2 protein chains.
Amino acid sequence: MTDIYRALGDATRRTILHQLAQGDKTQTEIVQAFAISQPAVKKHLQILLDEGLIHEQKDGKYRRYSLDRTILRSAYQTLFEDMGYILEDQLTSLQTYLKGK
Amino acid sequence: MTDIYRALGDATRRTILHQLAQGDKTQTEIVQAFAISQPAVKKHLQILLDEGLIHEQKDGKYRRYSLDRTILRSAYQTLFEDMGYILEDQLTSLQTYLKGK
DNA sequence: TCAATATATAACCATAAGGTTATATGAGGA
DNA sequence: TCCTCATATAACCTTATGGTTATATATTGA
């Protein structure tokens, strides 16, 4: 299963996901948005790939990355369920809200 | 600020939080719930303390742990905001729902 | 074909996480 | 006082993370 805590545990990765939410991007485009090296960005992308949150597609000499919104949604659900499990009664209304979605 | 991803990133810590949600517990009680050593549990408790999610209270030879529900709620909020930021439009309805809480 | 650009990979470094065992300290009860 | 139980701490191990630099490979355009 997707380890959403691992995937979201780093601010760079959260920003990458945000960027991809606005549209697919090549690795170069992603690298340019950060002050870290290309291999460092690649490692973040690899973790997001490992966790299934993004996809990689070869496009000539480029690699194009895209969000897997289905996985993201279910990861999101996991967060809710975990928090609901932790806080129990406190979140009943929220749980109910989500179940209805 | 609370690093909620760090705090929730481990299943043992999530279970500890769940236990504390049912009521305060001593370290011994928490240790007994897991198959790992007392120092290992203590390290998890320390991380939860570092992140401000729980409190520790001396009680004779015992240490009693309790949830900080206020911090937990705001951490929860952070999770939502981060996910909302990532997914944007997709979660508008949920964001709106939470803002109203 | 050759050079430039995009990406991948290897080797390295420092720190953190999650665990262990062994041992020290502290508090309470008999 | 002394033993016992609860907790703390130290030292150690392994693996993961997040970064680096250097270099290899692949693709494309001139």
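Below, read A as the first sequence line, B as the second, and so on, with proteins coming before strands; counting in each chain starts at 1. The model shown is predicted, which means the values in this text are computed figures rather than measured ones.
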With a 4.5 Å limit on heavy-atom distance, are the side chains of [X] and [Y] in contact?
| X | Y | value |
| --- | --- | --- |
| B:I16 | B:F34 | yes |
| A:I71 | A:I54 | no |
| B:L20 | B:L53 | no |
| A:Q27 | A:K42 | yes |
| B:D68 | B:L72 | no |

What integer distance in Å separates [X]:[atom1] from [N]:[atom2]?
| X | N | atom1 | atom2 | result |
| --- | --- | --- | --- | --- |
| A:L45 | C:dT7 | CG | P | 10 Å |
| B:D50 | C:dA17 | CG | P | 9 Å |
| A:F34 | D:dT20 | CZ | C1' | 17 Å |
| A:Q32 | C:dA6 | CD | C1' | 11 Å |
| B:R6 | C:dG18 | CZ | C1' | 12 Å |
| B:I47 | C:dG18 | CD1 | C1' | 8 Å |
| A:I30 | C:dA6 | CD1 | P | 13 Å |
| B:E51 | C:dA17 | CD | P | 9 Å |

> When all nucleic acid strands are considered with a 4.0 Å heavy-atom cut-off, which category describes B:R13: base, sugar-phosphate, or nothing?
Replying inline: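 The answer is sugar-phosphate, as B:R13 gets under 4.0 Å only of primed atoms, P, OP1 or OP2.
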
Polar pairs (N or O, both sides) under 3.5 Å between protein and nucleotides 21-29 of chain D?
from, atom 1, to, atom 2, distance (Å)
D:dT27, OP1, A:K58, NZ, 2.7

Does [N] have its OP1 or OP2 closer than 4.0 Å to a side-chain nitrogen or oxygen of [X]?
| X | N | answer |
| --- | --- | --- |
| B:T28 | D:dT7 | yes |
| B:H44 | C:dA17 | no |
| B:Q27 | D:dA8 | yes |

> On DNA chain D, nearest-nucleotide positions of A:D10 versus B:T26: which is more 5'?
Replying inline: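 Nearer the 5' end of the strand: B:T26.
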
> If you check the B:K43 side chain, which of D:dA11, D:dA8, C:dA8 turns out closest?
Replying inline: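 Of the options given, the side chain of B:K43 lies nearest D:dA11.
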
> From B:L8 CG over to B:T2 OG1, what is the distance, rounded to the nearest 0.5 angstrom?
Replying inline: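 The CG atom of B:L8 sits 10.5 Å away from the OG1 atom of B:T2.
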
>> With a 3.5 Å distance limit and no angle check, can you tell me whether A:H44 reaches the backbone of A:R13 through a side-chain donor-acceptor pair?
In response: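 No.
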
